[in-house]
Amino acid sequence: MIRPADYPPPAVDAVVAPSDPEPVEVDVAIVGAGPAGLAAAIRLGQVAPDVSVAVLEKGATPGAHLLSGAVVRPGPLRELVGEFPSYGEVQGEAVYLLTARRALRVPTPPTMRNEGNVVVSLAQLGRFLAEKAEAGGAMVLPETAAVSLLIEDGRVVGVRTGDKGRARDRAPGPRFEPGSDVRACVTILADGTAGHLSGAAIAHLGLGGLNPQVWALGVKEVWRVAQPLRRVVHTLGWPLRAGARWREFGGSFVYPLGDDMVSLGMVVGLDYADESLSVHDLLQQLKTHPFVRGLLAGGERVQWGAKTIPEGGFLSLPRACSAPGVLLCGDGAGFVNVPALKGVHLAVETGRLAAEAAASGDIASFDEALRSSFVWDELRAVRNMRQAFGRGFWAGGALASVMTLTGGRFPGGDRRAERDAEQPVVGGAPRAYPSADGSLTFDKLSSVFAAGNRTRDDQPDHIRVARRVPRELAEMWTAMCPAQVYEVGAEGDDGHVELHVIPSNCVQCGAITAKGGRLTPPEGGAGPEYTIT
Amino acid sequence: MRIAVCVKAVPSAGSGARLDSASKRLDRSGDLGLSEYDTHAVEEALRLRGDDGEVVVVSLGPERAADALRKALAMGADRSVLVSDAGFEGADLVLTARALVGALERESPELVLFGQQSPDGNGACLWAAVAEKLRRPVVSQAAELAVEGGALRAKRQTEFGYETLRAPLPAVVAVSEAINEPRYPSLKGIMGAKSKPQEVLAAGDVGGAGDPVTTVLALTPPPARGESRRIEDDGNAAEAIVEFLAEKRLL
């Protein structure tokens, strides 16, 4: 039995002592210009205009690394900023169960109802929120990766930003630019799904919750289409396999972006077993279904991207989201309502509460504020619902299947406390994915191009993963990665193969962190440049 | 020495910019970034600036272009001047040159630097038009540049070898990508950029706009890729490629 967890990556030391003789000093350092971090920055501008705020963003621009469905509950955003750019309220919705040829309409479960919710492009929303944050006095600093937590006497005192201009072998190149220590009274970690520093803080400060975090991987495309889509569509079933041994929980979404575009994606829980499972190729396969193909008729692909979603829910939250000098919020801490397929409103709300705690001078009040907010009630309610819905595809019944749409496992301490990387790899049943035709279906490399990825080829490798592993595991990682980062190399005498890594293809989805490796930030400014995902 | 660097905010890699057949223009509604070609000119200006010099970034573009200019400020340029006016929308080479010259005349720099071309328009001659209007010498494809005693010395990259020229200042120089490796903005540079002077000029400040002299008659997408063969690597890809090349008499 082969489990990814048995082949751990080289250690990642993401905690350092301050060392910069001339650090950048701010009152509040926020890591990540996503909905959580920018909500925190905007709120700080509102309640504490004299507090200096820096938002560090690894992407080339705010929003460049943001990707979501996204149908958003607008309340927390409206409360924070008033109106925001969206593609309007959801006009109607439908859930379908797919077989290889047919699409059967099934009732929309209550948790998934979207009345009053709005469709957004998170990449566009990020740009808008960054402008708001700057207007409120925050410094938004793109192309700046936060690579280490600064810890002094058990207290987080800021972060260190990444070096730029190192060569593949990490030696300083001709235009080497060293990173800086950014010292802050309060550091707010909002670095998103599989966040590098949130992970480091949880591990180093002992903040882990009852269950480990688990993730799903989503791959999505934006299409310009001939016929407007007037409703929000979710599907489950095909091309995922129903058998319980495959542990394939997930589904797809198709959302309208105005009259001439749709956003469609496939989401699969990363506790799957099949070594040949590729979410990217499942999305390609999904598009060949007559039902989905019909929605895209006459259209063309505009953009592509991939990102993980934390799915552990309530029981995987850190046992505390505050520790001396630091606050955790948004996806990095795991604030996602899986049965509702929503996390943006929770990111905004937890970011806002983190800002208020930081402004109050008593950052430990953040945990109390979380417990008395709607966030806590909402996620707890989801946890309690899990007893009503069994796992598995057919056995659980149609409703339970719908509830587990994105692999939502309703993680109860007793029923599930395993990391995705602890699931055994099952081979021997390779899938037949459609070959890329370049108009409806695409291969991984052309997709990476459609993500606007422009990572320098000779930058240091930012992916930590075991390099000599059983063939099955190397095959699994190769299939899993939507961006073709991994290739299976030659087999050695020990029966293990060499794993080749092409880090410049990476779009920072985070799947490798779930499945036995560890994604760290690349050089600032690298990675995808999403504009409408 | 005061050095002006003329730069352009161009659609970013990921913006999926398209030719708009209605307006016959490139759709620039998405993210704009500083042209990579121009980062070489900014780097060279910073290198030549000296202790008491000044580097001014000059551009024509929409107001949103200010963000792209900030990248040059983050690298170390001292201030920026953006000509932004509806009257210059859809400006062609001649009109763009007029706007830049209007802004440059307010600055009277000793040296004006350009990137060799823009990645979107690909004209590679704006520097010549600006030099002509300013009545100044121009050197293109500069792969090395030095300033000594009121004159510049430039090594030009040509198809047949290098050519070394001397020209009196003030002058206009378009640098090639080979001239340097542009620096990364430091964190302090990125932070400091926001407080540097960023001036926005209207058409009236630069002598007025006008009508483009050239007209786009047609836009045609590039022809579809011709006959291609996809070779899947089943362990014999190298042989298959050699066979293909031999068949086409390319070996």
Whether over 12 other heavy atoms sit under 6.0 Å from [X] [atom1]:
{"X": "E243(B)", "atom1": "CD", "result": "no"}
{"X": "E22(A)", "atom1": "CD", "result": "no"}
{"X": "E300(A)", "atom1": "CD", "result": "yes"}

Heavy-atom pair count under 4.5 Å with chain B, highest-scoring of I532(A), T161(A), T144(A), L141(A): L141(A)
Heavy-atom side-chain contact between R127(A) and D31(B) under 4.5 Å: yes
R175(A) side-chain N/O to P182(B) backbone N/O, donor-acceptor pair under 3.5 Å: yes
Check: S186(B) main-chain N/O paired with K164(A) side-chain donor or acceptor under 3.5 Å: no
Set of side-chain contact (heavy atoms from CB on, under 4.5 Å) partners for D437(A), sequence neighbours left out: S439(A), L440(A), T441(A)
Partners passing side-chain contact (heavy atoms from CB on, under 4.5 Å) against S195(B) (at least two apart in sequence or in another chain): none
Residues Y184(B), E523(A); criterion side chain to side chain donor-acceptor pair (under 3.5 Å); working and verdict: CA-CA 11 Å; Y184(B) 287 97; E523(A) 187 173 279; 2.6 Å; yes
Sorted by number, residues from residues 77-84 of chain B in contact with chain A (heavy atoms, under 4.5 Å): none
Residues 43-72 of chain B: residues contacting chain A (heavy atom under 4.5 Å, by number): R70(B), K71(B)
Heavy-atom pair of closest approach, residues P174(A) and E181(B): CG-OE2, 3.3 Å
Heavy-atom closest contact (P142(A) atom, I190(B) atom, distance): O-CD1, 3.7 Å
When K188(B), R183(B), M191(B) are compared by non-hydrogen pairs under 4.5 Å with chain A, the top option: M191(B)
Chain B contact via Q124(A) - which portion, at a heavy-atom distance below 4.5 Å: neither
